[in-house]
Structures are given as C-alpha cells and as structure tokens.
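These notes concern the structure reproduced below.
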Amino acid sequence: MCSLQTPPVVCLPRLSRVAVCGGTHGNEMSGIYLVKELLKARKKVMEDEEEKPVSVMLVLSNPRAVQQCRRYIDTDLNRCFTHATLSGPMSDTTPYEIIRSRELNTMLGPKGSPGAVDLVCDLHNTTANMGLCLISYSDCDWICLHIFRHLQANVPLRYIHFDVSNKESYSLDSVGKHGFAMEIGPQPHGVVRSNVYTAMKAGVQHMLDWVSFFNSGTGGFVDVFTMVKRFDYPRDSETHDITAAVHPQLQDRDFCLLHPEDPLFQTFSGETLRYKGKEPLYPFFINECAYYEKGIALSLARKRRVMIPAIRVQTEQEEQSNEQRFTSEEEE
C-alpha cells in the first residue's frame, strides 16, 4: 500500500512506446473491433503521417480465439503472464495461450525489463453493469493515475486496484512498464453494442491524447477501489452445482455500497442469503458470465482516497542519469 506522503513534483520518463491491445479474450468484441478500426485508420493515413513522438502498437492479442469468437482456445490468456508462466518449460502439449503469452512478452516486453513498452492498455468487456473502469495492480503508479484523472474529467470512470505483486501479476497489461486494463460493460460476450464500443473508443482516444501531450500534471486526489475479497456462488456440497443466483436487489448494482445483512443471493428454492461481512463494501463484477468457471459470483472493494503528486517529464540529462544508474545496478 502506498504512503500518502509524496513529493511535490515527481519526474518521470517520457512515454514513447504505447501498446493498445484487443482480443485478449476472443469474444469481447469492443476491443477487437476498435483495434481493427484503428489499424484500418492508420493504413489510410500512413503515407501522409509525419513521425510522431509516441509510437502506438495495435495488437490483436489472441487471434485464434478471435477467429472462433471464444474467450480462449486452451486456457485463459489473461492469466498467463506471471514470471513463472513466462519462464516455465515448454513441450508439444503446451497450451496455445501459454505459447502466445511468450510471443506477446517478446513483442511488448520482456516483462520487468528496460526494453518493455512504456504503457500497455488492454481492452476488455464485461457482462456486469460496471460502466467504464481502469484496472491496475498499483495504487501508486502515477502515470496510470494521471491518465485516470484525465479520462475522468472527460468520461465517467472508476479505478480498480488489485493488490498483487509484480511477480504474481498475471495479465497482459503487466508486461509494460506501466499498464492497465480498460474494462467496460454491460455487454454480452460475442456481441458488440454501439454505445459500449463508442465509450471505449472515447476512452482510448483520451488516453492517447494525454500520452501524446504529456509533459506535466498537477497533483490532487482520486478515489481508488481496492479489491479485498471475492464470493463464490452457494454450491451443493456433493455435486458442486450452484444452488443460488445473485439476489435481484443486488443484480446490476455494481459499485453501490453493500451493507451487512443486505441481500446477497437468492436460492433456487426462494430463500434470501444475506451479506455477513463486518463492514460495507463496494461490489463489482457482479454475476460476470466468464467468472462462473472461476467460481466468482462477485468481488468486493474498499474505496479510499489516494493523493497523487504533480508530475513532469524528465529532462534529457535526468533520463541519461537514470539510464546510467540502471546500468550500474545491473552490472552489480
């Protein structure tokens, strides 16, 4: 957890390489069509375009799953980017997504190295009623939080924090020096809704605008939702079949405060099961279709206010000094 005591101004390297990825899950259609549209637009203007200070890579992350409109072929690609998975042994039976994660790590990383792209924005859809969210492993990545603050001034948006170490971080966005998932819903898998696509497109454009013009940012406060627990569905002890659904009073109320004794599930026989937690928390990913196989009915978060510092781009002299320090540390 990050301290609230931050320097008045933080100097950060310029962001010169950004990756926008869609189709990590092959049935989450907004990101797939947005990346294809951006590739088409780039092709049209490529001859007339002057060299820009920011290089944007557009990536269809899981092309086989996209082709078949499936979440994945063998295993969830967005769980294949831990250091252990990226460096583990390979064989003729290695799942396709693990092979693909190595390819993406070579293309965008290597993860944790100075050669990794500066920022990864991975595009996702959810069936839950979450609106537009940024999901990050850090609550003190000032680049991600300043991007969030810039987007929030233009579009309704929330910031979700998964408190996971870099070593254990498992998703594609963790390959970059900075990264986040841009998640938006509700949208059924295998379907594209114009309003959801348009909102994602606006979010990506505002993000790229901020990166292109980044030279400074003022400090301030932002609200961060840190995930603290998950609930599975009630299940039969013998068959492991679910025995209840999300309660109607909770369904579609993502980010609406859940208080102790509020309805949580309704059994198929009609009984109401209530939330027995000791504190009010914010539910999200409520009844997400893709999480049935993972045993997750919903996640709960604690909201808190995080102070972010003013930032500015490092000068060339400061960048050279940092590079020399990094090289010295590597040699040691």
Side-chain angles (χ1 to χ4, degrees), residues 12-26 28-43 45-46 49 51-66 76-83 85-86 97-125 132-138 141-148 150-151 162 166 169-184 197 200-214:
L12 297 169
R14 187 177 299 280
L15 306 177
S16 58
R17 297 166 62 225
V18 175
V20 177
C21 305
T24 300
H25 294 135
E28 296 180 7
M29 308 307 290
S30 297
I32 293 168
Y33 283 114
L34 180 52
V35 167
K36 287 181 176 181
E37 182 64 22
L38 292 173
L39 284 166
K40 192 188 305 180
R42 170 180 288 179
K43 191 174 181 181
V45 300
M46 195 172 288
E49 194 175 56
E51 186 175 348
K52 292 187 175 181
V54 179
S55 169
V56 180
M57 301 175 65
L58 299 169
V59 182
L60 279 176
S61 311
N62 195 337
R64 288 192 192 175
V66 168
D76 190 339
L77 177 61
N78 217 32
R79 301 296 183 271
C80 293
F81 293 93
T82 63
H83 282 287
T85 302
L86 292 172
E97 276 82 8
I98 291 182
I99 296 171
R100 181 60 178 160
S101 72
R102 304 285 182 93
E103 295 170 353
L104 290 165
N105 188 49
T106 299
M107 183 191 309
L108 304 177
K111 180 175 178 174
S113 77
V117 295
D118 296 308
L119 176 67
V120 175
C121 172
D122 192 25
L123 306 175
H124 289 269
N125 288 120
L132 184 62
C133 302
L134 300 190
I135 303 176
S136 172
Y137 292 110
S138 176
D141 184 320
W142 307 135
I143 290 292
C144 292
L145 284 165
H146 270 276
I147 289 173
F148 166 69
H150 174 73
L151 265 64
F162 286 173
N166 179 263
S169 58
Y170 48 76
S171 53
L172 174 56
D173 53 276
S174 69
V175 172
K177 294 187 181 78
H178 309 274
F180 53 80
M182 183 177 289
E183 186 94 38
I184 186 168
Y197 169 87
M200 176 179 279
K201 183 177 182 180
V204 169
Q205 190 57 60
H206 286 305
M207 179 271 294
L208 292 175
D209 289 344
W210 187 90
V211 171
S212 295
F213 297 108
F214 165 55

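Hydrogens, waters and symmetry mates play no part in the numbers below; they use all other heavy atoms, side chains included.
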> Should Ile147 and His178 count as side-chain neighbours, where that means a heavy-atom distance under 4.5 Å?
Replying inline: no

> Is there a donor in the side chain of Thr24 and an acceptor in the side chain of Asn78, or the other way round, less than 3.5 Å apart?
Replying inline: no

> Quick one: CG on Leu104 to SG on Cys21, what's the gap to the nearest 0.5 Å?
Replying inline: 7.0 Å

> Below 4.5 Å, heavy atoms only, C-beta onward: do Leu15 and Val54 meet side chain to side chain?
Replying inline: no

> For Arg100, what residues pass the salt bridge (charged side-chain N to carboxylate O under 4.0 Å, His left out) criterion, not counting sequence neighbours?
Replying inline: Glu103

> Would you say the side-chain atoms of Glu28 pair up with the backbone N or O of Asn125, donor to acceptor, closer than 3.5 Å?
Replying inline: yes

> Closest heavy-atom contact between Ser61 and Leu172?
Replying inline: OG-CD2, 3.4 Å

> Closest approach of Gly203 and Leu151, non-hydrogen atoms and distance?
Replying inline: O-CD2, 3.6 Å

>> In the structure I gave you, are the side-chain heavy atoms of Phe214 and His146 within less than 4.5 Å of one another anywhere?
In response: no

> Considering all heavy atoms of both residues, which atom of Phe180 and which atom of Cys144 are nearest to each other, and what is their separation?
Replying inline: CD2-SG, 3.8 Å

> Step by step, would you call Asp76 with His25 a side chain to side chain donor-acceptor pair (under 3.5 Å)?
Replying inline: CA-CA 8 Å; Asp76 190 339; His25 294 135; 2.7 Å; yes

>> Holding to side-chain hydrogen bond (donor to acceptor under 3.5 Å, both in side chains), I want the full list of residues that pass it with Thr85, two or more places apart in sequence or in another chain.
In response: Thr82

> Please, which pairs that meet salt bridge (charged side-chain N to carboxylate O under 4.0 Å, His left out) have at least one residue in residues 111-123, sequence neighbours excluded?
Replying inline: Asp118-Lys177

> At what distance, to the nearest 0.5 angstrom, does CD1 of Ile32 lie from CE of Met29?
Replying inline: 4.5 Å

> Take atom OH in Tyr170; do more than 12 heavy atoms of anything else shown fall under 6.0 Å from it?
Replying inline: yes

>> Could you work out, with side-chain hydrogen bond (donor to acceptor under 3.5 Å, both in side chains) as the rule, every residue matching His150, not counting sequence neighbours?
In response: none

>> Less than 4.5 Å apart, side chain to side chain, heavy atoms only: is that true for Phe81 and Leu86?
In response: yes

>> Just so I know, are the side chains of Val59 and Val20 near enough to count as touching, which here means a heavy-atom distance under 4.5 Å?
In response: no

>> Donor-acceptor pair, distance only, cut-off 3.5 Å: does the side chain of Arg17 make one with the backbone of Gly115?
In response: yes

> Under the side-chain hydrogen bond (donor to acceptor under 3.5 Å, both in side chains) test, which residues partner Glu183, sequence neighbours left out?
Replying inline: none

> Mind checking what makes side-chain hydrogen bond (donor to acceptor under 3.5 Å, both in side chains) contact with Tyr137, not counting sequence neighbours?
Replying inline: Ser171

